[in-house]
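Okay, so here's the structure we're looking at.
Below, read A as the first sequence line, B as the second, and so on, with proteins coming before strands; counting in each chain starts at 1. Owing to the predicted nature of the structure, the values given are computational and were not obtained by experimental measurement.
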Number of protein chains: 2
Amino acid sequence: MRPQKIEEPEMLNGFAKLFREKGYEGTSLAELAEATGLKKASLYHRFPKGKEEMAKAVLLNVNNWVEEHVFNTLTNQLLTPEERLKNGLRSIKKLYDDGNTPCLLQAFSIQSGINVFNQLINDSMSYWVDAFTNIGLAFDLSQSVAKEKAIQVLIDIQGSLVVSRGLNNPNIFINTLNNIEVIYTKN
Amino acid sequence: MRPQKIEEPEMLNGFAKLFREKGYEGTSLAELAEATGLKKASLYHRFPKGKEEMAKAVLLNVNNWVEEHVFNTLTNQLLTPEERLKNGLRSIKKLYDDGNTPCLLQAFSIQSGINVFNQLINDSMSYWVDAFTNIGLAFDLSQSVAKEKAIQVLIDIQGSLVVSRGLNNPNIFINTLNNIEVIYTKN
DNA sequence: GTCTATAGCTTGATAGAC
DNA sequence: GTCTATCAAGCTATAGAC
């Protein structure tokens, strides 16, 4: 296999940056091509179904990163619950660039036509709830309370990203992440 | 003045519905025209600067509704703090159609190019924080604690809208609004 | 696997009749 | 104040050479 001009992981990261900032409709193939250094036609060689396939690949790529760095950390039986939570939150902080980067799921949930990403978004969010339910159980919460708290954590993360961006103050996101540790350790 | 085919308030409500669901880029002039029953050229008679002017008019229209139904309610000195809060939250529930309607500020914060709406979004969110800071003061909180809680309320509202939509469960939004009452009355 | 070139359509916006 | 007609530019996507 001859070397490609740009490797897929690097490409998907470039796509993600565009999609997060501009949304699905707001990102053009011209911009996607420019981000890779390739021409539009070359993108179609790698993603025959076009922009939609690129967006789905980006979503799956982010999901894989989250699985490795967030889910696997939160459920790592070799660590104490406190360590799992601390390390998981550190990864989340990195994922959203300390509150400076919007969430891809939010960006893709706004779109024209019937939303072909709805199922993927639903799956991803359920995944986040499962991960935090798991850490709640590690803190000896009941299943129902653990799930309730997990949903609140997701609300806090998503909401603080929105508000941080709206008020132009990433510290709101940082403070929210710090408070999440308290939510689990205060009881 | 001869009667117009469609009145401005009705028009702006139709625009708002489109913009909230599809975002700024995802909403076309063809759709905006169709929503009014007018032709594209007729829209330009009312909004000479085009789509951007329509979007800004929608934002101002929503802000006016919020000022009347949320801010004025939360700060109504003729009511007890409990009544103000209860009535204000009822209006918020209506604004977001019981969790079934996305927030316009979120929709407009995702967009291509430099975001011309950033300042308006920032102003609107600051407005929400001020309104809830005010109700916090009415519950005898200190200025700093009242503002802190106000930001958390905004996070809860915005976050629960995102998560309700993502998990396809508007009850998450409803529950969040109910909990906000507790946040203020439990201390 | 990347390119040039282009098809076919939709976009936001305007001119001018009524 | 609304319309028909139209524009130039941008869009997604494809054909085919190398």
**Item:** Distance-only polar pair, side chains of A:Asp156 and A:Gln152, donor-acceptor under 3.5 Å
**Value:**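 Checked: A:Asp156/A:Gln152 side chains pair up, N/O donor to acceptor below 3.5 Å.
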**Request:** Please determine, by modelled atom types, if A:Asn64 and A:Glu68 share a side-chain donor-acceptor pair under 3.5 angstrom.
**Result:**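 No, no side-chain donor-acceptor contact under 3.5 Å.
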Figure out the [atom1]/[atom2] separation between [X] and [N], and round it to whole Å.
| X | N | atom1 | atom2 | answer |
| --- | --- | --- | --- | --- |
| B:Leu32 | D:dT2 | CG | P | 16 Å |
| A:Ile6 | C:dC3 | CD1 | C1' | 16 Å |
| A:Tyr44 | D:dC11 | OH | P | 12 Å |
| A:Lys39 | D:dC18 | NZ | C1' | 16 Å |
| B:Phe47 | C:dG12 | CZ | C1' | 16 Å |
| B:Glu7 | D:dT2 | CD | C1' | 15 Å |
| A:Lys22 | D:dC11 | NZ | C1' | 15 Å |
| B:Gln111 | C:dG12 | CD | P | 13 Å |

**Asked** Taking atom CD of A:Glu53 as the centre, does the number of heavy atoms from other residues, nucleotides or ligands within less than 6.0 Å exceed 12?
**Response**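 Correct, the count exceeds 12.
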For [X], answer base if it contacts any base atom (sugar-phosphate contacts may also be present), sugar-phosphate if it contacts only those atoms, and nothing otherwise; contact means non-hydrogen atoms under 4.0 Å.
| X | value |
| --- | --- |
| A:Ser112 | nothing |
| B:Thr36 | nothing |
| A:Ser28 | sugar-phosphate |

Give the nucleotide from the list [options] with an atom nearest to the side chain of [X].
| X | options | value |
| --- | --- | --- |
| B:Arg46 | C:dG1, D:dG1, C:dG12 | D:dG1 |
| B:Leu29 | D:dT12, D:dC3, C:dA13 | C:dA13 |
| A:Leu38 | D:dT2, C:dT2, D:dT14 | C:dT2 |
| A:Lys40 | C:dG12, D:dT12, C:dT2 | D:dT12 |
| A:His45 | C:dT4, C:dG1, C:dT14 | C:dG1 |
| A:Ala41 | D:dT14, C:dT14, C:dA13 | D:dT14 |

**Request:** Could you tell me whether B:Arg165 and B:Glu21 make a salt bridge, using a distance below 4.0 angstrom between a side-chain N and a carboxylate O?
**Result:** yes
**Message:** Check A:Glu52 with A:Lys56, please: is the shortest side-chain N to carboxylate O separation under 4.0 Å?
**Reply:** yes
